[in-house]
Amino acid sequence: MTRTFTITTPLYYVNGSPHIGHAYTTMAADALARFKRLQGHEVLLITGTDEHGQKIERTAIEAGLSPQAHCDKVVADFRQLWQQYNIQIDRFIRTTDPHHEQIVKEFFQRVLDKGDIYQGQQKGWYCVACEEFKDERDLLADKHCPLHPSKVAEWRDETNYFFKLSAYQEKLEKLYADRPDFIQPPSRRNEVLSFVKGGLQDFSISRVNLDWGIPLPNDPSHTVYVWFDALLGYISALAEPGQTPDLNASISKWWPANVHIIGKDILRFHAVYWPAMLMSAELPLPNMVFGHGFFTKDGKKISKSEGNTVDPLLLAQTYGEESLRYFFLRCFEFGQDGDFSEARFVEIVNNDLANGLGNLLNRTLGMVKKYSEQLIVPSCNVAEIPPDHPLKSIGQDLGSRVSNHYDQLAFSAAAEAIFDLVRASNKFIDDSAPWTMFKAGQHAELQQVLYTLLESARLAGFLLSPAIPKISTAIYQQLGLTIDFDHLQSTLALVDFNAHSAWGFLPVGGQLNSAQPVFARLELAPENST
RNA sequence: GGCUCGAUAGCUCAGUCGGUAGAGCUAAGGACUCAUAAGCCUUCGGUCGGCAGUUCAAGUCUGCCUCGAGCCA
């Protein structure tokens, strides 16, 4: 029996080019997806783009493009970014995809039939940049939006359709109480709890005088509000290609999603509006919504006006994606904010990947070659290695510890646990001094030491593969094991997670390959003017 | 104004059930040699934001305050 595992990133809003935050969210989702694939789950990683709304329409017009042409252009940028970061997407959903429109209309009709949609009057100041109505007292002088100080909010007085969010207050509170893990991390959960406790108001789910959107099935003069539209992308993404778009068919295999990975800025939509919408349509709820943190650059908030944006594409081209994937997962606690500094990045990556992991494999293979006649896995009785062996003691339950960390999206804790083994291995070399054993003719001891070192490097490489698949593949290759962690599908039958994640898997006597650095040290790039 | 989160070594952060502070990085010194001048050892370094309280004992619990990030009205 295969277990399915569905992961989503947000559907990114295409009003501008992808930034480092998009790369971060998607890298994390990709690492989780890879880990679950490794464990034998059938995984669906969904990302996509949210393309409707007035803001997009205006951005396109300013650029002299049709909305669709504008969106196509930005979508190409996103696709390039995923490729650059070696992110393996299973589904890329665009809210302008025709089948998405079908799903949205069907969903809308369901909720309408349920009696949860009514017509009402919406008056107020509307910030196009936020795509939200604002209270007058929240606005700055001259009706500027506090979040977009350069934009003036517009007065709107229009007939809209509303969703009866208020009817779901109690059910939502029960959901949060019954399933404490629904919103992660706990600090985000607290925020949602206090928001909901304050009372939920119905929200407008349609717009008039806006062509760039999906027309309401019951009133084509209105289009669906972008958020109502975008959230449903998670469902329309599930439709099998070629399948007739249909709500029930779409959710048959991959729904509910196991986790929605999102930035903390869109928590409310995912933790409040979305479950209420699903309840109304009588669809199952996702298992978890995880709102991760943001980062600052050199201690300062990243913003265009500050001019300290980080171009993810340039970064990957400069340093290569593996080091970035590793750094972002290793150095930030997912869920908490962190600071990005290029100097620190280079330091960490060189220390961990080159000096720590890479050099461990390199020096051990060097010793095997030098102290044996052949380049084969040193022989020893693996079963006889005592449980309190300095490396076995760490390695024997490392797989399950790392699995637990991944289940909680604690990527940094997972990496840290793995590097405990790497550090212990480098220390173990000095403590046991194989060169002395060699000179003293302690052949059996030497073989065992070398075996435990190779095996520890292997295990570390295996468990790190969701973060650094190419380095892991190189490690495995040098150890004589042919698994391409970038093409697990083709080798899936050969990868038994339980076997590979256990310490002691490396077959004695196997052929090894000659040592090659698996990760070259990075140089800090000279300061460029972005 | 209400609420949430954070404030721990020069830097980035761990610290589960309260029991005299830990890791990694950086810096300085040392011994070694298998290695990508990598690795290992030692040292430097903290009145755990401040003030009270509870307790035999508080980074860890309670209250108030200061600063920072954020949510809401």
Side-chain angles (χ1 to χ4, degrees), chain A residues 132 134-138 146-147 183 185-201 263-269 271-272 291-296 298-302 327-328 330-341 343-372 378 390 404-405 410 412-413 415-420 422-439 446 449-450 453-454 457 471 474 478 514-523:
Chain A
E132 270 185 334
K134 298 281 172 183
D135 281 342
E136 186 160 3
R137 56 186 155 173
D138 288 340
L147 299 179
I183 303 164
S187 59
R188 301 278 158 240
R189 177 170 184 269
N190 291 340
E191 264 175 26
V192 171
L193 288 181
S194 76
F195 170 72
V196 173
K197 196 177 166 193
L200 294 175
Q201 295 187 343
K264 60 181 183 176
D265 54 329
I266 53 176
L267 183 65
R268 222 169 71 206
F269 295 100
V272 182
H292 67 68
F294 287 164
F295 27 77
T296 50
D298 302 318
K300 288 182 180 171
K301 200 167 180 171
I302 297 177
F327 176 76
F328 279 108
R330 165 71 181 85
C331 274
F332 303 109
E333 187 158 340
F334 206 60
Q336 287 209 300
D337 291 355
D339 184 60
F340 175 70
S341 129
R344 185 170 140 72
F345 154 71
V346 170
E347 214 170 77
I348 295 277
V349 158
N350 282 344
N351 272 299
D352 285 2
L353 298 182
N355 304 352
L357 179 64
N359 193 42
L360 169 65
L361 178 68
N362 203 252
R363 63 195 301 206
T364 307
L365 283 173
M367 286 188 282
V368 170
K369 187 175 183 180
K370 186 163 181 176
Y371 300 146
S372 316
N404 290 338
H405 288 313
S412 56
E416 205 162 321
I418 296 165
F419 270 85
D420 280 346
V422 173
R423 277 185 222 102
S425 298
N426 276 317
K427 178 174 161 56
F428 185 58
I429 294 180
D430 282 75
D431 289 349
S432 51
W435 43 92
T436 305
M437 289 178 170
F438 178 65
K439 285 173 195 157
L446 177 59
V449 166
L450 294 178
L453 290 168
L454 287 180
I471 292 173
Q478 287 178 39
S514 56
Q516 298 285 332
V518 292
F519 180 81
R521 293 169 62 80
L522 298 179
E523 296 271 342

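Hydrogens, waters and symmetry mates are skipped; everything else that's a heavy atom, side chains included, is used.
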*Asks:* Considering all heavy atoms of both residues, which atom of A:I471 and which atom of A:V518 are nearest to each other, and what is their separation?
*Replies:* CG1-O, 3.8 Å
*Asks:* Check the distance between B:U12's C1' and A:F327's CZ and give it to me in whole angstrom.
*Replies:* 9 Å
*Asks:* Need the pair for B:G59. Rule: Watson-Crick or G-U wobble, both distances under 3.5 Å, any strand; none if unpaired.
*Replies:* none
*Asks:* With the side chain of A:E347 defined as its heavy atoms from C-beta on, choose the nearest nucleotide among B:C40, B:U26, B:A69.
*Replies:* B:U26
*Asks:* Hey, are the side chains of A:V272 and A:F195 touching, using non-hydrogen atoms and a 4.5 Å cut-off?
*Replies:* yes
*Asks:* Go ahead and name the base partner of B:A69; Watson-Crick or wobble counts if both distances stay under 3.5 Å, otherwise write none.
*Replies:* B:U4
*Asks:* Could you label the plane-to-plane angle of the A:F328 and A:F340 rings as parallel, tilted or perpendicular, counting under 30° as parallel and over 60° as perpendicular?
*Replies:* parallel
*Asks:* Of all the choices, B:U36, B:G70, B:C34, which nucleotide is nearest to the side chain of A:K264 once you look at every atom?
*Replies:* B:G70
*Asks:* How many whole angstroms separate atom CZ of A:F345 from atom C1' of B:C11?
*Replies:* 18 Å
*Asks:* Rounded to the nearest angstrom, tell me the gap between atom CG in A:L453 and atom C1' in B:C40.
*Replies:* 13 Å
*Asks:* Quantified in whole Å, what is the C1' atom distance between nucleotide B:U54 and nucleotide B:U26?
*Replies:* 41 Å
*Asks:* Check every atom of B:U36, B:G70, B:C34 against the side chain of A:I429 and return the nucleotide holding the closest atom.
*Replies:* B:C34
*Asks:* Pick the closest RNA chain B nucleotide for A:Q201 and for A:D352 by heavy atoms, then say which residue is nearer the 5' end.
*Replies:* A:D352
*Asks:* Measure across A:V449 and A:P434 and return the closest heavy-atom pair with its distance rounded to 0.1 Å.
*Replies:* CG1-CG, 4.1 Å
*Asks:* Quantified in whole Å, what is the C1' atom distance between nucleotide B:C3 and nucleotide B:G24?
*Replies:* 35 Å
*Asks:* B:U33 P sits how many Å from A:K439 NZ, rounded?
*Replies:* 5 Å
*Asks:* Any strand is fair game: report the nucleotide pairing with B:U47 by Watson-Crick or G-U wobble, both distances under 3.5 Å, or none.
*Replies:* none
*Asks:* Considering every strand shown, what is the Watson-Crick or G-U wobble mate of B:U54 when both distances are under 3.5 Å?
*Replies:* none
*Asks:* Checking contacts here: which listed nucleotide (B:C5, B:G24, B:C34) is nearest the side-chain heavy atoms of A:S187?
*Replies:* B:C5
*Asks:* Distance check: side-chain N/O of A:N351 vs OP1/OP2 of B:U26, anything under 4.0 Å?
*Replies:* yes
*Asks:* Ignoring hydrogens, what is the shortest heavy-atom contact between A:N350 and A:R521? Give both atom names and the distance.
*Replies:* OD1-CA, 3.3 Å
*Asks:* P atom, B:C51 versus B:A69: distance in rounded Å?
*Replies:* 24 Å
*Asks:* Using a 4.0 Å heavy-atom cut-off across all strands, classify A:V518 as base, sugar-phosphate, or nothing.
*Replies:* base
*Asks:* Considering only the P atoms, how many Å lie between B:A14 and B:U43, rounded to the nearest integer?
*Replies:* 26 Å
*Asks:* Take atom CZ of A:R363 and atom P of B:U36, then tell me their distance rounded to the nearest Å.
*Replies:* 11 Å
*Asks:* To the nearest Å, give me how far apart CZ (A:R330) and C1' (B:A14) are.
*Replies:* 10 Å
*Asks:* What I want to check is whether an N or O donor and acceptor connect the side chain of A:N359 with the base of B:G39 at under 3.5 Å.
*Replies:* no
*Asks:* Expressed in whole Å, how much space separates the P atoms belonging to B:U62 and B:G18?
*Replies:* 11 Å
*Asks:* Classify A:F519 by what it touches in the nucleic acid, base, sugar-phosphate, or nothing, heavy-atom distance under 4.0 Å.
*Replies:* base
*Asks:* Could you tell me how far B:G15 sits from B:A52 if I compare only their C1' atoms? Round to whole Å.
*Replies:* 25 Å
*Asks:* B:C25, B:U36, B:U4: which one has an atom nearest the side-chain heavy atoms of A:P517?
*Replies:* B:U36
*Asks:* Considering only the P atoms, how many Å lie between B:C40 and B:A23, rounded to the nearest integer?
*Replies:* 14 Å
*Asks:* For the pair made of CZ in A:F428 and P in B:C41, what is the distance, rounded to whole Å?
*Replies:* 14 Å
*Asks:* Would you mind telling me which of B:G39, B:C34, B:C3 lies closest to the side-chain atoms of A:N426?
*Replies:* B:G39
*Asks:* Looking for any heavy atom pair under 4.0 Å, which part of the strands does A:R423 touch: base, sugar-phosphate only, or nothing?
*Replies:* sugar-phosphate
*Asks:* Using the C1' atom as the reference point in each nucleotide, state the distance between B:C34 and B:A27 in Å, no decimals.
*Replies:* 27 Å
*Asks:* Could you say whether A:E191 or A:Y371 is positioned toward the 5' end of RNA chain B, judged by the nucleotide with the nearest heavy atom to each?
*Replies:* A:Y371
*Asks:* Under a 4.0 Å threshold between the charged nitrogen and the carboxylate oxygen, would A:D430 count as salt-bridged to A:K427?
*Replies:* no
*Asks:* In plain terms, say whether A:E191 and A:R188 are close enough for a salt bridge, that is, a side-chain N and a carboxylate O under 4.0 Å apart.
*Replies:* yes
*Asks:* With respect to the side chain of A:K427, which nucleotide from B:A38, B:C34, B:C41 is positioned closest?
*Replies:* B:C41
*Asks:* Quick one: which of B:A38, B:A69, B:G39 gets closest to the side chain of A:R521?
*Replies:* B:A38
*Asks:* Under a 3.5 Å cut-off for both contacts, is B:G29 paired Watson-Crick or G-U wobble with anything, and if yes, with which nucleotide?
*Replies:* B:C41
*Asks:* Indicate, with a heavy-atom threshold strictly under 4.0 Å, whether A:G198 touches base, sugar-phosphate, or nothing.
*Replies:* nothing
*Asks:* Can you see which heavy atom on A:L360 is nearest to which on A:A457, and at what distance?
*Replies:* CD2-CB, 4.1 Å
*Asks:* Between C1' on B:U16 and CG on A:N404, what's the gap in Å once rounded to a whole number?
*Replies:* 15 Å
*Asks:* Tell which nucleotide pairs with B:A23, taking only Watson-Crick or G-U wobble pairs whose two distances are both under 3.5 angstrom.
*Replies:* B:U12
*Asks:* Counting only side-chain nitrogens and oxygens, does A:N190 get under 4.0 Å of the OP1 or OP2 atom of B:C5?
*Replies:* yes
